[in-house]
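Below is one structure, written out as structure tokens; the observations come after it.
Everything numeric in this text was worked out from a predicted model, so none of it was measured. For reference, positions follow the sequence shown, starting with 1.
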Amino acid sequence: MTDPDALDRLAGRLRAARAVTIMTGAGISAESGVPTFRGADGLWGTFSAADLATPEAFARDPALVWQWYRWRQGIIGRAQPNAGHLVLARLEARLRGVALITQNVDGLHQRAGSSQVIELHGNIWLARCSRGCGAAPDAAAAIQPGEAAPPPACRCGALLRPAVVWFGESLDEDRLDRAFTASRGCDVFLAVGTSSLVYPAAGLPLVARRAGALVAEINVDDTPLAPHADIVLRGRAANVLPALEQRL
Ligand code: OAD
């Protein structure tokens, strides 16, 4: 059960805030049926990140990597935004200065109606040139019927790759800059459904805290962020966020 006093306290701080930064992870989409990465049923329990989510894996076996991403597209395509995504979309209009940062590549925030999402780890529905030729990302190329379809090709002749960030790669500088700016400039930073293990995203709430923001966390489990958070709300995002919205 989420502590009602903690919910009230966070609601009060959100109402008073001039700028609110929210960062989500895979846990926000769990209730939509999209698997998380870590934990009992997490993707990294069944699949090897080294074989599927690194530049080396793509160089070795691009067809396997595309097959895995298309399988995930299938799951995400059948999923619907849940109550948590919908609350966060409404908060854009309800609160002042809302910035939404996500580590998710599923696009469910946008489908729920959030208009300004900083996608730190990219988007599974987009492809880009694996050689970095600079050709505009082709939205349709990432979505091929059938998991076993051959990897799509760029206009320059190289293979296209999913427009997501893999292990060992840097994040897009502009997005990271915007995420740091939003974290440094907010009065309240809310981390939702992230294990807070993957940097640089995991560092953003700490940046906010050092700059004087109140840091709150919504998660079903304990995380390395919890000891540094001012308010910890234990529970599912799809339950806690609607309860929070009712108090705003
Ligand atoms: P993880 O799978 O590491 O963590 C998901 C978090 O959500 C865990 O802390 C769970 O306790 C929590 N959780 C699960 N269900 C929840 C629910 N219904 N409500 C609230 N919390 C819930 O996912 P991320 O933290 O997003 O990166 O992972 C970060 C990055 O690591 C991902 O973006 C991905 C991954 O490897 C790349 O692929 C580059």
Notebook entry, point to check: Going through the distances and angles, do Asp174 and Arg178 end up as a salt bridge (charged side-chain N to carboxylate O under 4.0 Å, His left out)?
Noted result: CA-CA 6 Å; Asp174 173 60; Arg178 284 191 286 139; 3.4 Å; yes
Notebook entry, point to check: Would Arg234 and Asp221 count as a salt bridge (charged side-chain N to carboxylate O under 4.0 Å, His left out) if you check the C-alpha gap in whole Å, the side-chain angles of each, and the deciding distance to 0.1 Å?
Noted result: CA-CA 7 Å; Arg234 284 275 164 264; Asp221 273 333; over 6 Å; no
Atom pair [atom1] ([X]) and [atom2] ([Y]), whose distance is rounded to the nearest 0.5 Å:
{"X": "Arg128", "Y": "Cys154", "atom1": "CZ", "atom2": "SG", "answer": "11.0 Å"}
{"X": "Leu88", "Y": "Arg94", "atom1": "CG", "atom2": "CZ", "answer": "13.0 Å"}
{"X": "Leu100", "Y": "His85", "atom1": "CG", "atom2": "NE2", "answer": "9.0 Å"}
{"X": "Asp222", "Y": "Asn219", "atom1": "CG", "atom2": "CG", "answer": "8.5 Å"}
{"X": "Arg15", "Y": "Arg96", "atom1": "CZ", "atom2": "CZ", "answer": "11.5 Å"}
{"X": "Arg155", "Y": "Cys129", "atom1": "CZ", "atom2": "SG", "answer": "10.0 Å"}

Next item on the list: Begin from the C-alpha positions of Glu92 and Ser115 and carry the test side chain to side chain donor-acceptor pair (under 3.5 Å) through to its verdict.
Entry: CA-CA 8 Å; Glu92 249 179 40; Ser115 66; 2.9 Å; yes
Does [Y] offer a backbone N or O that forms a donor-acceptor pair with the side chain of [X] under 3.5 Å?
{"X": "Trp125", "Y": "Gly107", "result": "no"}
{"X": "Trp66", "Y": "Leu160", "result": "yes"}
{"X": "Asn82", "Y": "Ala238", "result": "no"}
{"X": "Asn104", "Y": "Asp106", "result": "no"}

Next item on the list: Let me know which of Asp172, Leu204, Val165 forms a side-chain contact (heavy atoms from CB on, under 4.5 Å) with Leu120.
Entry: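 With Leu120 as partner, Asp172, Leu204, Val165 yield a single side-chain contact (heavy atoms from CB on, under 4.5 Å), made by Leu204.
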How about [X] and [Y]: do any of their side-chain heavy atoms sit closer than 4.5 Å?
{"X": "His228", "Y": "Val215", "value": "no"}
{"X": "Pro224", "Y": "Leu197", "value": "yes"}
{"X": "Leu248", "Y": "Leu14", "value": "yes"}
{"X": "Val188", "Y": "Arg13", "value": "yes"}
{"X": "Leu7", "Y": "Val240", "value": "yes"}
{"X": "Pro55", "Y": "Glu169", "value": "yes"}
{"X": "Leu190", "Y": "Leu10", "value": "yes"}
{"X": "Ile218", "Y": "Ile28", "value": "no"}

Margin query: Please say yes or no: joined through hydrophobic side-chain contacts below 4.5 Å, possibly via intermediate residues, are Phe189 and Leu233 part of one cluster?
Written below: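 Different hydrophobic clusters.
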Margin query: Assigning hydrophobic clusters by single linkage (Ile, Leu, Val, Met, Phe, Trp, Tyr; side-chain heavy-atom cutoff under 4.5 Å), is Phe37 placed with Tyr199?
Written below: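 No: no chain of side-chain contacts under 4.5 Å links Phe37 to Tyr199.
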Note to self: Does Glu119 form a side chain to side chain donor-acceptor pair (under 3.5 Å) with Gln103? I'd like the steps, not just the answer.
What the structure shows: CA-CA 6 Å; Glu119 291 184 308; Gln103 296 164 82; over 6 Å; no
Next item on the list: Check whether NZ of the Lys or CZ of the Arg Arg72 lies under 6.0 Å from the centre of the six-membered ring of Trp68 and within 45 degrees of that ring's axis.
Entry: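 Checked: cation-pi criterion met.
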Notebook entry, point to check: Without hydrogens or angle criteria, can the side chains of Glu217 and Thr223 be said to hold a donor-acceptor pair below 3.5 Å?
Noted result: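 Yes, because at least one side-chain N or O of Glu217 sits under 3.5 Å from a partner of the opposite role on Thr223.
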Note to self: Classify the ring geometry of Trp166 against Phe58: parallel below 30°, tilted from 30° to 60°, perpendicular beyond 60°.
What the structure shows: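 Tilted, since the angle between the ring planes falls between 30° and 60°.
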Notebook entry, point to check: Looking at residues at least two apart in the chain, or sitting in another chain, which of them share a side chain to side chain donor-acceptor pair (under 3.5 Å) with Thr102?
Noted result: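 Listed in chain order: Thr24.
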